[in-house]
Student: 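Have a look at the structure that comes next, please.
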Amino acid sequence: MASPKPVFRPAAPTEVETLLAVYDRHYRGGYSACFDRYGPPTPQDLWWVQSEKAVTVIEVDRSLAGMLVLGRSGRRLLVEEILLDRLPDDTEGLLRQIHDWLTRRFQEERQETLALRCDETNAPALTLVRTFGFTFADALLVAALGGAAEGGESEMTPPAGYQVRRATPADARQIGALYKEVMGEALGAADLERLWRTPGTRVLLAERERFPVAFLLAQVREGTGRWIVGVREAHRRRGLGRALAHAAWRFFQTKRAHAITTYWGTRVATAAFIHALGCRIERAYLYFERPL
């Protein structure tokens, strides 16, 4: 007897609570790349996701079996989530149907590559990746700040010859240039302006002979502190990044916030810096691709 064919349809507003329950059963809190937040998502978060991304329900025998979220990475379509809440007897057949549906969807968008993301504990998604010959592309790692960043007060002192100060809106252009050079992507003018208008934000600028060489962006939102440190290549491995990370940790302490950062695993210098700080990896999102 043939296995029932799954139905793929857009999520309905009345299914918000059900879909959030599916999501939370898989992730159980922590950082969510899809919602870009720490902790369980709320109905308001899902409304935002649905306005920006395509949320699809998977039904088998008229019962909810799982959900898909399609977003974008730049101009490229990206499968952000494949979550199966109920596995049928023919799981292999369901995964094939999901793969075929995604392939058609990407082809409709004239994409040359089928790209998807899943966290490292998502067994069905990893089985799909393995079955259909996807290759590993990158990993987005979520790290909790700790270890060496929690050292004594002396750790806050920048190395000799460097000065660290609070940045002001007048420094926006310099921070934007530093961010693009170090992170490899632009920080929009609206994002820069928002840094000084958003409560719970700390922006530090490190200089050598009044020349900007490093920055810290730290922000507390809903009890979680997010931080980014960037140091120009010629000024690395001198303790400057560690001093800025310690400043972030001290700032989050005053806010009683749990401190995390995200970074790409293929960026060797960043990974080495995070490891040197003694950060604990809380979650890993794996990115895979397959040519169409």
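Computation of the quantities below employed the complete heavy-atom set of this structure, encompassing side-chain atoms and omitting hydrogens, waters and symmetry-equivalent molecules.
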Student: Say whether D119 and T121, considering side chains only, have a donor N or O and an acceptor N or O under 3.5 Å apart.
Tutor: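 Looking only at side-chain atoms, T121 and D119 do form a donor-acceptor pair, the distance falling under 3.5 Å.
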Student: Please check this pair: side chain of T261 against backbone of W227, looking for a donor-acceptor N/O pair closer than 3.5 Å.
Tutor: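 At least one qualifying donor-acceptor pair exists.
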Student: Regarding R236 and E233, does a basic nitrogen lie under 4.0 Å from an acidic carboxylate oxygen?
Tutor: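 Yes, R236 and E233 are salt-bridged.
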Student: Please identify which of these residues, L116, N122, L94, meets the side-chain contact (heavy atoms from CB on, under 4.5 Å) condition with L128.
Tutor: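 Testing each of L116, N122, L94 against L128, the sole residue satisfying side-chain contact (heavy atoms from CB on, under 4.5 Å) is L116.
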Student: Who are the side-chain hydrogen bond (donor to acceptor under 3.5 Å, both in side chains) partners of D85, not counting sequence neighbours?
Tutor: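 If we apply the side-chain hydrogen bond (donor to acceptor under 3.5 Å, both in side chains) test to D85, skipping adjacent residues, the hits are R25.
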Student: Are H258 and F252 close enough, and set up right, to give a side-chain contact (heavy atoms from CB on, under 4.5 Å), and what steps lead you there?
Tutor: CA-CA 7 Å; H258 176 63; F252 294 140; over 6 Å; no
Student: If you define the side chain from C-beta out and look only at heavy atoms, does anything of T135 sit under 4.5 Å from F288?
Tutor: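 SC-SC contact between T135 and F288 ruled out.
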Student: Would you please test M183 and I228 for side-chain contact (heavy atoms from CB on, under 4.5 Å) and show each step?
Tutor: CA-CA 10 Å; M183 310 304 294; I228 299 174; 4.1 Å; yes
Student: Does the salt bridge (charged side-chain N to carboxylate O under 4.0 Å, His left out) test come out yes or no for E15 and R9, once each step is laid out?
Tutor: CA-CA 12 Å; E15 296 173 302; R9 61 170 178 79; 2.5 Å; yes
Student: Answer with yes or no whether the hydrophobic clustering places Y38 together with V49; edges join I, L, V, M, F, W, Y residues whose side-chain heavy atoms lie under 4.5 Å apart.
Tutor: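 Shared cluster, yes.
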Student: Given 3.5 Å as the limit, does a donor-acceptor pair link the side chain of D171 with the main chain of Q174, or not?
Tutor: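 Such a contact is absent between D171 side chain and Q174 backbone.
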Student: Tell me the closest heavy-atom pair linking F132 and L95, and the distance in Å.
Tutor: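 That closest heavy-atom pairing would be CE1-O, 4.0 Å.
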Student: Is there a donor-acceptor contact under 3.5 Å from the side chain of T254 to the main chain of F251?
Tutor: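 Yes, because the side chain of T254 sits within donor-acceptor range (under 3.5 Å) of the backbone of F251.
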Student: Can L178 be reached from L216 by stepping across I, L, V, M, F, W or Y side chains whose heavy atoms are under 4.5 Å apart?
Tutor: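 Each belongs to a different hydrophobic cluster.
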Student: Taking the six-membered ring for Trp and the full ring for Phe, Tyr or His, determine whether the centres of Y162 and H235 are under 6.0 Å apart.
Tutor: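 Yes; H235 has its ring centre under 6.0 Å from that of Y162.
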Student: Going by ring-ring contact (aromatic ring centres under 6.0 Å, His included), name the residues that satisfy it together with Y285, two or more places apart in sequence or in a different chain.
Tutor: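 Expected list: none.
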Student: Quick one: does T42's side chain have a donor or acceptor within less than 3.5 Å of a partner on D45's backbone?
Tutor: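 Pair found, side chain donor or acceptor close to backbone of D45.
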Student: Are D61 and K5 close enough for a salt bridge, meaning some N to O gap below 4.0 Å?
Tutor: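 Between K5 and D61 there is no salt bridge, as every charged N stays at least 4.0 Å from the carboxylate O atoms.
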Student: Could you work out, with ring-ring contact (aromatic ring centres under 6.0 Å, His included) as the rule, every residue matching W101, not counting sequence neighbours?
Tutor: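 For W101 the ring-ring contact (aromatic ring centres under 6.0 Å, His included) partners, ignoring immediate neighbours, are F8.
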Student: So which heavy atom on P6 is nearest to which on V60, and how close?
Tutor: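 Where P6 meets V60 most closely, the heavy atoms are CB-CG2, 4.1 Å.
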Student: Please round to the nearest 0.5 Å and tell me the distance separating atom CG of D138 and atom CZ of R117.
Tutor: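 It comes to 12.0 Å.
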Student: Of the non-hydrogen atoms in L205 and A214, which two are nearest, and what is the gap between them?
Tutor: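 Between these two residues, the closest heavy atoms are CD1-O, 3.5 Å.
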Student: To the nearest 0.5 Å, tell me how far I175 CD1 sits from L187 CG.
Tutor: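 One finds 9.0 Å between CD1 of I175 and CG of L187.
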Student: Between CD of Q97 and CG of L102, what distance do you get to the nearest 0.5 Å?
Tutor: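 If we round to the nearest 0.5 Å, Q97:CD and L102:CG are 11.5 Å apart.
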Student: From R197 CZ over to L192 CG, what is the distance, rounded to the nearest 0.5 angstrom?
Tutor: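 Interatomic distance, R197 CZ to L192 CG, rounded to 0.5 Å: 11.5 Å.
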Student: Report yes if some heavy atom in the side chain of F215 is under 4.5 Å from a heavy atom in the side chain of V231; otherwise report no.
Tutor: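 Counting from C-beta outward, F215 and V231 never come under 4.5 Å.
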Student: Hey, any chance F106 and I58 share a hydrophobic cluster, counting ILVMFWY side chains that come within less than 4.5 Å of each other, even indirectly?
Tutor: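 As far as the 4.5 Å side-chain criterion goes, I58 and F106 are connected within one cluster.
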Student: Does V203 reach the side chain of R166, with side-chain heavy atoms less than 4.5 Å apart?
Tutor: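 With C-beta onward as the side chain, the pair stays apart.
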Student: Does T262 reach the side chain of R226, with side-chain heavy atoms less than 4.5 Å apart?
Tutor: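 Yes. Closest side-chain heavy atoms under 4.5 Å.
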Student: Hey, does the side chain of T113 reach the backbone of A115 with a donor-acceptor pair shorter than 3.5 angstrom?
Tutor: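 Checking the backbone N and O of A115 against the side chain of T113, no donor-acceptor pair under 3.5 Å is found.
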Student: Inspect the contact between R104 and E108 and indicate whether a charged nitrogen and a carboxylate oxygen are less than 4.0 angstrom apart.
Tutor: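 Not counted as a salt bridge, because no side-chain N and carboxylate O are separated by less than 4.0 Å.
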Student: Is the count of non-hydrogen atoms from other residues, nucleotides or ligands lying under 6.0 Å from E92 atom CD greater than 12?
Tutor: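 No, because the 6.0 Å sphere around CD of E92 holds 12 heavy atoms or fewer from other groups.
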Student: So if I apply the side-chain contact (heavy atoms from CB on, under 4.5 Å) rule between L68 and each of T56, L84, L83, V55, which one comes out positive?
Tutor: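 Going through T56, L84, L83, V55 one by one, the side-chain contact (heavy atoms from CB on, under 4.5 Å) with L68 is satisfied by T56 alone.
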Student: Quick one: CE on M67 to NE2 on H26, what's the gap to the nearest 0.5 Å?
Tutor: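 So the CE of M67 and the NE2 of H26 are separated by 11.0 Å.
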Student: State, with a plain yes or no, whether a side-chain heavy atom of P291 is found less than 4.5 Å away from one of E112.
Tutor: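 No, their side chains stay 4.5 Å or more apart.
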Student: After noting the C-alpha distance and the side-chain angles of E185 and K180, does the key distance pass the salt bridge (charged side-chain N to carboxylate O under 4.0 Å, His left out) rule?
Tutor: CA-CA 5 Å; E185 55 190 44; K180 185 174 183 179; over 6 Å; no
Student: Under the side-chain hydrogen bond (donor to acceptor under 3.5 Å, both in side chains) rule, collect the residues that match up with R221, sequence neighbours excluded.
Tutor: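 Partners of R221 under the side-chain hydrogen bond (donor to acceptor under 3.5 Å, both in side chains) test: none.
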Student: So, the side chain of E282 versus the backbone of G30: is there a donor-acceptor pair under 3.5 Å, distance only?
Tutor: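 Judged by distance alone, no pair lies under 3.5 Å.
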Student: Could K53 and E80 be called an ion pair, given the rule that one side-chain N must be under 4.0 Å from one carboxylate O?
Tutor: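 Result for this pair is yes, salt bridge flagged.
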Student: Report yes if some heavy atom in the side chain of T91 is under 4.5 Å from a heavy atom in the side chain of P124; otherwise report no.
Tutor: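 The answer is no, as the side chains (C-beta and beyond) never meet within the 4.5 Å cut-off.
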Student: T201 and Q219: side-chain donor and acceptor closer than 3.5 Å?
Tutor: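 Indeed, the side chains of T201 and Q219 share at least one donor-acceptor pair under 3.5 Å.
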Student: To the nearest 0.5 angstrom, please state how far the CG atom of L78 sits from the OH atom of Y287.
Tutor: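 Taking CG in L78 and OH in Y287, the distance rounds to 6.0 Å.
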Student: Strictly distance-based, threshold 3.5 Å: is any side-chain N or O of R283 a donor or acceptor partner for the main-chain N or O of Y31?
Tutor: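 Yes.
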Student: If hydrophobic clusters are built from ILVMFWY residues whose side chains come within less than 4.5 Å, do W47 and V57 share one?
Tutor: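 Linked, W47 and V57 end up in one cluster.
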Student: Name all residues meeting the ring-ring contact (aromatic ring centres under 6.0 Å, His included) criterion together with F35; count only those two or more places apart in sequence or in a different chain, and write none if there are none.
Tutor: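 Scan of F35 (ring-ring contact (aromatic ring centres under 6.0 Å, His included), adjacent residues dropped) gives Y23.
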Student: According to the ring-ring contact (aromatic ring centres under 6.0 Å, His included) rule, which pairs have a member within residues 58-83, sequence neighbours left out?
Tutor: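 Qualifying pairs: none.
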Student: So, R290 versus H99: side-chain donor-acceptor pair below 3.5 Å or not?
Tutor: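 The answer is yes; a qualifying pair exists.
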Student: Could you tell me whether the side chains of Y27 and E81 share a donor-acceptor contact shorter than 3.5 Å?
Tutor: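 Short answer, yes.
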Student: Yes or no on side-chain contact (heavy atoms from CB on, under 4.5 Å) for R237 and F273, after CA distance, side-chain angles and deciding distance?
Tutor: CA-CA 9 Å; R237 293 170 289 278; F273 172 60; over 6 Å; no
Student: Would you indicate whether the side-chain heavy atoms of R280 and L145 approach each other to under 4.5 Å?
Tutor: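 Heavy-atom side-chain distance check fails, nothing below 4.5 Å.
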Student: Given 3.5 Å as the limit, does a donor-acceptor pair link the side chain of R238 with the main chain of A234, or not?
Tutor: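 A pair under 3.5 Å: yes.
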Student: So, does R72 use its side chain to make a donor-acceptor pair with the main chain of R75 at under 3.5 Å?
Tutor: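 Such a contact is found between R72 side chain and R75 backbone.
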Student: If hydrophobic clusters are built by linking Ile, Leu, Val, Met, Phe, Trp and Tyr wherever their side-chain heavy atoms come under 4.5 Å apart, do I82 and L292 end up in the same one?
Tutor: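 In one cluster: yes.
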Student: Determine yes or no for a side-chain-to-main-chain donor-acceptor pair under 3.5 angstrom, with W249 supplying the side chain and A259 the backbone.
Tutor: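 Flag not set: sc W249 to bb A259 has no pair under 3.5 Å.
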Student: So V79 and R105, side-chain contact (heavy atoms from CB on, under 4.5 Å) or not? Walk me through it.
Tutor: CA-CA 10 Å; V79 184; R105 183 71 178 80; over 6 Å; no
